[in-house]
Amino acid sequence: MENPFGKITALEDVLKLFFNGMTLMFGGFGGVGTPPTLIDAILEKGVEKLTLIGNDTGFPHIGIGKLVSQERAIKVIASHIGSNPIAGKLMHEGKLEVEFSPQGILAERIRAGGVGLPAILSDIGMDNELVSKNKPHFFLNGKDYLIETALTAEVSIVYAKKADPYGNLIYDKSARNTNPLVAMAGDITIAEVEEIVPLGSLNPDEIITPGVFVDHIIPSKGVNWKWAWE
Amino acid sequence: MENPFGKITALEDVLKLFFNGMTLMFGGFGGVGTPPTLIDAILEKGVEKLTLIGNDTGFPHIGIGKLVSQERAIKVIASHIGSNPIAGKLMHEGKLEVEFSPQGILAERIRAGGVGLPAILSDIGMDNELVSKNKPHFFLNGKDYLIETALTAEVSIVYAKKADPYGNLIYDKSARNTNPLVAMAGDITIAEVEEIVPLGSLNPDEIITPGVFVDHIIPSKGVNWKWAWE
Amino acid sequence: MGLGVDFRNTIARRAAEEITNGMVVNLGIGIPSLVPNHLPKDMMVMFHAENGITGMGPSPEKGMEDENLCNAGGFPVTLNQGGSYCDSAISFGMIRRGRVDITILGSLQVSQQGDLANWIVPGKKVPGMGGAMELAQKARKVIVLMNHCDKAGKPKILTSCTLPLTSTACVDMIITELAVFKVTPEGLILTELFPPYDLQEVINKTECAFTTCDVVRKISY
Amino acid sequence: MGLGVDFRNTIARRAAEEITNGMVVNLGIGIPSLVPNHLPKDMMVMFHAENGITGMGPSPEKGMEDENLCNAGGFPVTLNQGGSYCDSAISFGMIRRGRVDITILGSLQVSQQGDLANWIVPGKKVPGMGGAMELAQKARKVIVLMNHCDKAGKPKILTSCTLPLTSTACVDMIITELAVFKVTPEGLILTELFPPYDLQEVINKTECAFTTCDVVRKISY
């Protein structure tokens, strides 16, 4: 494949972007749409003390859950950890800090980071201490709202169906989920893709993530975990 | 065409949704992507005292400009009116109130309304009185921001290339512009479309506006104005 | 002791009556997932999943699962005609914008004010709220399907919830194996009974007071 | 008296030197629109338009215009390979997120601090800021191409702008028919001259003080 933008990158080269203590944002929802090859490579590299940002902590052996289960994270920002009991166990042992954000507000916080906005206002979970604690309030037109701050990361990893060499991405069905948001929020964004297609072969009306937001493209080796339903 | 959701509507029936003094949001950028058939029908119905929300005021005889030129609006919220000198003239005569919003922030305010968020924070135009006047400020992490409130409308009108009977929409090239945002922000949203296609004939990965946001679909009679470049 | 399949389906069938053609409906796990089985075949309903599906269809046949087409619980589903995919932000935009007509969900407790407590199982780890808060606060109609009492036989419809709340004053309707309640600003109104249960039994098994409507419907499917 | 076509192209050619392979570039109207003509044919540059185009190509041939493929000024363009369409919110998201490498725009005035005044023409109606503020504040590099003096012969590079500002301290580089300036926190540095103009002429036609770099490049294309 021609590589006129230099974005198609060897796995060993993108691995240089990961380091201990970094903030890592990942696409996916219950593991669906989380990039399997990158997760395994990060595991193998032995990166630790990660702050992870994403919808959930997957399952113990699925998606980002693999990193969580092996205690590579010190903090997670997510909407739930219920499908990964190891995450809950680590939280209760004090080994994992968890910041919970309502799912749609988490998505908007990631998107806000992705489009360069500092924060949004929200009335979701106002009356719930787990959501509202330590968050600034703002009265607008007589109503109380939370200021929900934008989220960005040093590196974002996403999973897509196809990329062209510019990094234009299309996703597959519900594996899209948080990926287009996460793709915008990374200071550096790496897309793991099922297929790399020639420039000009994606219909420009159908591209979901413009390549502008994508720095590196790596081919996926495919999902190597067993799904919970299997 | 089968109409199992009742969304495919006769023009005369959607016209009942327009009334004097209403707030009307429109898709389009310099007239490109503004629904021509709906604009003409609103003109003919004689609706007036409109508050218009959209990217710009088009050209005097193009897009929303037609309504503005015929003095049907009392207020416009837009990012510029430069391409429609009549809008500027009416503003200076005190016949048209204009609220200017930076283009990208206007788009985000419309989107915020569309996704049910009350406001966003922004640092665009902080030091410009035209942008910042009368807007609340908020200090976040030591930096000053404007609270930019969400925009919604009683009715939104958009222009799309294709709709299925559920109102799933795809757009044509740069005629997309603000349309997907405006489509979400209307309490009632009307899509004028070049073509209505059977349910199931749009690729679900390629749908830009889910029909969830669309209440009425009308077939377009096509653009009937002469573009500035023609 | 949980509910038998029949009671679960009775509750689901009653919930299905709330759905009309063209509605956008979000279903929780458990009894709510049985609701589609009780809809007329020709009714066009768009089932919404938080992860970005509108127009979700039934589970695929075994062996036909698509790992990239799953519901918010991570289980394989299908897509009906007219369905579409979107990102999670737009999916929740539909909810907050009031475009989701009904959410039908299970609950641990509901108060007479319609407070919902369904996101923390007592004694278990904190799982996080997922999308429950947005759905409870912003769906146009919130219907709770649940056992009338918990496994220990204690009422789940209470004067005040004892568990942490998902959201306050958000529930519109409660359907249990005993009865159907409408939630109003003045409290609960019993509108329907599932014989053989009678009013007295419902009173016995409900912690809070409630009124009854003029003509209580007796449901026997 | 405006600039001749040659001068306009000289300025555009110098601006083109700032662009490297793979960059995302937003061009204003006027002289900036000439910049693509001066890029190497094999260079991959993604031109960005505020209305939602990445990868904009040149104007179509007469008769080949597509009314649904126009730039932010409303004029027909084409799309290069690898280009894509997005909505206006994402288009400006690219700008605010720092993904637009360079914006090249015209201006009425620029101050020695890099303040930009390019959105209100004096004596004219208020046209609105359009996307100028986001581009000025958030593009990674802001290059101004303009006549050194206005039509009345007055300097446009000033100690302080007299016109309303688009944005403060945002300009990185100024290219006129006389010279090229780098804007630094310490003020302007003249780095290049376009002969036959010399330093004295630039000093005469510039209101504010500026320094010169060690070796001033004399550009003659």
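Naming convention: chains lettered A, B, ... in sequence-line order (proteins, then strands); numbering from 1 in each chain.
Taking 4.5 Å as the limit, every side-chain heavy atom of Gln109(D) sits out of range of all side-chain heavy atoms of Glu207(D). Taking the side chain as every heavy atom from C-beta outward, Glu108(B) and Phe92(D) never approach each other to under 4.5 Å. Side-chain contact between Leu69(D) and Val77(D) is present, with at least one heavy-atom pair separated by less than 4.5 Å. Using a 4.5 Å heavy-atom threshold, the side chains of Leu165(D) and Asn128(B) count as separate. Within the 4.5 Å cutoff, no side-chain heavy atoms of Lys173(B) are placed close to those of Leu79(D).
Put simply, of Gly104(B), Ser122(B), Ala107(B), Ala87(B), the one with the most heavy-atom pairs under 4.5 Å next to chain D is Gly104(B). Per-residue counts of heavy-atom pairs under 4.5 Å with chain B were compared for Met133(D), Glu67(D), Glu65(D); the largest is that of Glu67(D). When the candidates Ser88(D), Ala132(D), Gly52(D), Ser167(D) are compared by the number of heavy-atom contacts under 4.5 Å with chain B, Ser88(D) comes out ahead. Looking only at heavy-atom pairs under 4.5 Å with chain D, the residue among Ile208(B), Asp123(B), Val131(B), Val98(B) that has the most is Asp123(B). For chain B, the option among Pro76(D), Ala72(D), Cys70(D) with the highest count of heavy-atom pairs below 4.5 Å is Pro76(D). The choice from Gly33(B), Gly30(B), Ala175(B) that makes the most heavy-atom pairs within less than 4.5 Å of chain D is Ala175(B).
Only the side chain of Leu181(B) has a heavy atom closer than 4.5 Å to any heavy atom of chain D. Only the backbone of Ser101(B) comes within less than 4.5 Å of a heavy atom of chain D; no side-chain atom from C-beta onward does. For Pro102(B), the parts lying near chain D are the backbone and the side chain together; criterion is any non-hydrogen pair under 4.5 Å. With a 4.5 angstrom heavy-atom cutoff, Asp172(B) touches chain D via backbone and side-chain atoms both. Proximity to chain D is absent for every atom of Asn55(B), based on heavy atoms less than 4.5 angstrom apart. For Glu134(D), the parts lying under 4.5 angstrom from a heavy atom of chain B are both the backbone and the side chain. Within the 4.5 angstrom heavy-atom criterion, no atom of Ala49(D) approaches chain B. For a residue to count as touching a neighbouring chain, one of its non-hydrogen atoms must lie under 4.5 Å from one of that chain's; by this rule Lys62(D) does not touch chain B. Neither the backbone nor the side chain of Glu99(B) comes within contact range of chain D; no heavy atoms are under 4.5 Å apart. At a 4.5 Å heavy-atom cutoff, the contact between Ile105(B) and chain D is made by backbone and side-chain atoms alike.
Using bins of under 30°, 30° to 60° and over 60° for the plane-to-plane angle, the ring pair Phe181(D)/Phe210(D) lands in the perpendicular bin. The aromatic rings of Trp225(B) and Trp227(B) sit perpendicular, their planes meeting at an angle over 60°, well past the 30° parallel limit.
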Under the salt bridge (Lys or Arg N to Asp or Glu O under 4.0 Å) criterion, do Glu206(B) and Lys162(B) qualify, and how do the steps go?
-> CA-CA 11 Å; Glu206(B) 295 165 9; Lys162(B) 291 185 186 179; over 6 Å; no
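Taking SG from Cys170(D) and NZ from Lys138(D), the interatomic distance works out to 11.5 Å, rounded to the nearest 0.5 Å.
Of the candidates Thr57(B), Leu52(B), Val68(B), Leu96(B) forms a side-chain contact (heavy atoms from CB on, under 4.5 Å) with just one, namely Val68(B).
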